[in-house]
Amino acid sequence: MTIHHRPRWFIRRLVSQLRRVPIFPRLLLVFCTLLIVSTVFITFFNQKQYAQEAETNAVKHLSVFVQNASLELMQEKERLELALLQFTQNDEILEAINQNKLLQPDAQAGDVQANQTIEHNRQKIEHLLRSIKTKVDGIKTLVFVTDNSQYQMESTPKNLNSPFIRNLDDFYKSNIYKQAVKAQGYSSWLDSSQETSALFYENDTDTLGILGCITISYQVYSPDTQQPLGVLVGCIYPNHFTHTLNKYSSQDGGNTFIVGENGLVEGISARLSAPPFLSKNSGIVQRIFSQHKGSLLLESKGKELFVNFCGEPSFPIHIVNLTYRDYALQTVQKIAQLSFVVMFVVILIGAFGFYLAAVSVAYPVNKLIYAMKRVGAGDFSAMYQSKSHDEIGLLCQEFDRMVADMKELIDKVYVSEIREKSLELNEKTAQLNALQMQISPHFLYNTLDMIRWQCMYENGEESSASDMIEKFCTLLRMTIKGDQKKETVQESLLHASTYLEVVNFRHTSKFQLKTDFSFEPSAYLMPCLSLQPIIENSVRHAFSNDDTSQRCICICGELNWQGNIILKISDNGNGMSSEQLAALQLHTEKSTLGKDSIGLQNVNQRCKLCYGENYGIYIESELNVGTVVTLTIPAEPTAQKEENRIVSGIVG
């Protein structure tokens, strides 16, 4: 039990000790602690992350650098291969080689004609070898070797001797020949620096052959018989490749080398300030030619090196870049030093600035707290009376103004607002009731019904007067709905139709009512007596008394995608000008009923009170064309669908 409560006891003890110190020194301590810890953590974390990112970017940059150099090396390789294909794919030369091979026995038997033909073909072959070598930079020598002879490059005045092979048997045993045969007509590249020195010679008196060459060889086939005719060998000095890649020697802090399977071939403008190539004992060459492409981090003579290499498995030399790691990350180290300096400066400035700010805030805040306590106790005479102009001073001035106005606000504004809200609520309630009860037709209906029966008694049958009274009574009976607030759309249509029948008694030109609904009118509810005032407005204002044309009022209804009922009541009357339409729309939107056109205003306000401000009436009109009144209400289904007569064919 003691162990369980020990952490809680320790926290209480620590809080108790901290509360003996004033609040702002407490905040200063917390601030300095958080500032130091967060700054140190962020500095070291960002330093580490930045160093890792910088190292990754450096490796990527060097890797791309080496890949670009390797790509250009491959382009040079393809250029040399295409140059040698001028020989291997020359049908005339291949025919000459094949002819010499066939004439060789005759020539050895002393046939003069055969010897002349062989010599002519030899000159042609050696001339092409010399032409290829002259036109293509980088080729040291070209030799074509058959089963028992060789074709050298054609001699020139400057070079009376052309490179040749002293011992063909040794050549047939060499890797140069074997790899060419194995390639079966494709190019075969080798780092042949050791073999060329024992095979290819430039002069008869030389004791050592051509040194340090990269060789490319092709086995040449007869185009007719597809039989091998011999092997074409080209020797290329490595410095040709270094000259080609000379633009890749400007990489700061590093050296770029051409490396073969036997070790270092040549450096590309290597510098003493950059890393030298590693010794053979390091195993770097084996790793390079086993992976062909990659990046390594090695240590040499106490320094770490970025090793990036790239090459093609089919090519005997690879590009290798060595860069000191410290040199690549020297910018990171400088930033690290600067970060530590900035960290300490920020801590010192932050602590000192917080102390000054705490002192400048402590006194006015404590004084303001004291004044607020007095106000909270009911003493509205408490004043701060600040003379400073900073945020705390402005806060204190606003506090004084608030205290001075608070009593007045409580006595006047707040009480008045409550009274006004209460009155507004009562008015809304009274208005909603008044809108539904514009008239009370009970007495009038009973009186007219007695008059109708008296007319029938005196005449002994129905008359036009009794018929008019009956229609009017029907209209009044529809109005008497007690406390019912809503009716179906069909009932409202019937009310509007009956109203037009009464109106038509006093008009020579009768009104016609047409309806078109995309839904069942008996299935939805709407506020009582909503259509009749709109139709009454059309009868009174849309048509002239002397107008004898066909008078038509159309009611269309549809359900939109928002779940609302859209009722459009249109007429073919006189319409309105834009000024008249704007005035009528403005009058309809008023919340208080006026003296004129209260029918539309009544319907609009009832819809807004029942459903909200998004519902009600919208009026459109065009002079001498007609008027369209759009009534929008929510689609409120009836509790039970009643069967009613079809009103779509009602005609006034």
Side-chain angles (χ1 to χ4, degrees), residues 79-174 176-177 180-181 183-188 196 199-206 209-210 213 215-236:
R79 188 182 72 87
L80 295 172
E81 290 175 348
L82 290 174
L84 267 63
L85 289 177
Q86 298 178 31
F87 184 91
T88 62
Q89 296 182 358
N90 190 316
D91 293 339
E92 183 179 356
I93 295 299
L94 297 180
E95 180 64 28
I97 295 172
N98 192 36
Q99 187 177 17
N100 281 6
K101 184 177 180 181
L102 296 176
L103 293 176
Q104 192 68 32
D106 296 338
Q108 292 177 354
D111 189 340
V112 177
Q113 183 66 31
N115 283 321
Q116 290 178 351
T117 303
I118 290 174
E119 183 62 25
H120 176 72
N121 289 337
R122 174 179 292 276
Q123 292 177 2
K124 183 188 302 183
I125 295 169
E126 292 183 347
H127 177 74
L128 179 59
L129 293 174
R130 168 61 61 182
S131 176
I132 294 173
K133 193 268 181 187
T134 303
K135 293 179 181 179
V136 181
D137 295 336
I139 299 178
K140 171 64 179 176
T141 182
L142 285 175
V143 178
F144 179 70
V145 182
T146 62
D147 293 340
N148 53 9
S149 62
Q150 59 179 304
Y151 295 87
Q152 308 165 17
M153 294 185 301
E154 183 183 40
S155 300
T156 62
K158 293 183 180 180
N159 183 14
L160 298 178
N161 296 317
S162 297
F164 65 96
I165 300 174
R166 282 183 180 176
N167 192 327
L168 290 179
D169 292 334
D170 291 341
F171 174 76
Y172 296 142
K173 297 176 183 179
S174 67
I176 299 175
Y177 179 79
V181 173
Q184 297 182 349
Y186 292 97
S187 63
S188 174
T196 55
L199 293 175
F200 295 90
Y201 295 85
E202 292 191 82
N203 297 292
D204 293 334
T205 58
D206 290 345
I210 300 174
C213 284
T215 60
I216 175 176
S217 57
Y218 283 93
Q219 186 170 32
V220 181
Y221 290 87
S222 170
D224 298 328
T225 64
Q226 296 299 315
Q227 295 297 319
L229 299 177
V231 174
L232 175 66
V233 181
C235 297
I236 302 165

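Quick caveat, the model's predicted, so the values are computed rather than measured.
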From [X] [atom1] over to [Y] [atom2], what is the distance, rounded to the nearest 0.5 angstrom?
X: E81; Y: T88; atom1: CD; atom2: OG1; value: 10.5 Å
X: C235; Y: I176; atom1: SG; atom2: CD1; value: 6.5 Å
X: T117; Y: Q113; atom1: OG1; atom2: CD; value: 4.5 Å
X: N90; Y: I132; atom1: CG; atom2: CD1; value: 8.0 Å
X: I125; Y: F144; atom1: CD1; atom2: CZ; value: 7.0 Å
X: S131; Y: E126; atom1: OG; atom2: CD; value: 13.5 Å

* **Donor-acceptor pair between Y186 and Q184 side chains, under 3.5 angstrom** => no
* To do: Begin with the C-alpha distance, continue with both residues' side-chain angles, and end with the deciding distance and a verdict on side-chain contact (heavy atoms from CB on, under 4.5 Å) for E119 and N115.
  => CA-CA 6 Å; E119 183 62 25; N115 283 321; over 6 Å; no
Nearest non-hydrogen partners of [X] and [Y], listed with the distance:
X: P228; Y: Q219; value: CB-NE2, 3.3 Å
X: F200; Y: F171; value: CZ-CE1, 4.3 Å
X: K133; Y: K140; value: CE-O, 3.4 Å
X: L168; Y: S149; value: CD1-N, 3.8 Å

* Okay, side chain of Y172, backbone of D147: is any donor-acceptor separation there less than 3.5 Å? -> yes
Please tabulate, one pair per line, all N/O donor-acceptor pairs under 3.5 Å involving side-chain atoms of residues 93-104, not counting sequence neighbours.
| residue | atom | partner | partner atom | Å |
| --- | --- | --- | --- | --- |
| Q99 | OE1 | N121 | ND2 | 3.2 |
| N100 | OD1 | N121 | ND2 | 2.8 |
| N100 | ND2 | I118 | O | 3.3 |
| N100 | ND2 | Y151 | OH | 3.1 |

* side-chain contact (heavy atoms from CB on, under 4.5 Å) between V233 and Q150, intermediate numbers included -> CA-CA 11 Å; V233 181; Q150 59 179 304; over 6 Å; no
* To do: Please report the C-alpha distance between F87 and L142 in whole Å, then the side-chain angles of each, then the deciding distance to 0.1 Å, and finally whether the side-chain contact (heavy atoms from CB on, under 4.5 Å) criterion is met.
  => CA-CA 10 Å; F87 184 91; L142 285 175; over 6 Å; no
* Asked: Is there a side-chain contact (heavy atoms from CB on, under 4.5 Å) between L84 and V136 once you walk through the steps?
  -> CA-CA 9 Å; L84 267 63; V136 181; over 6 Å; no
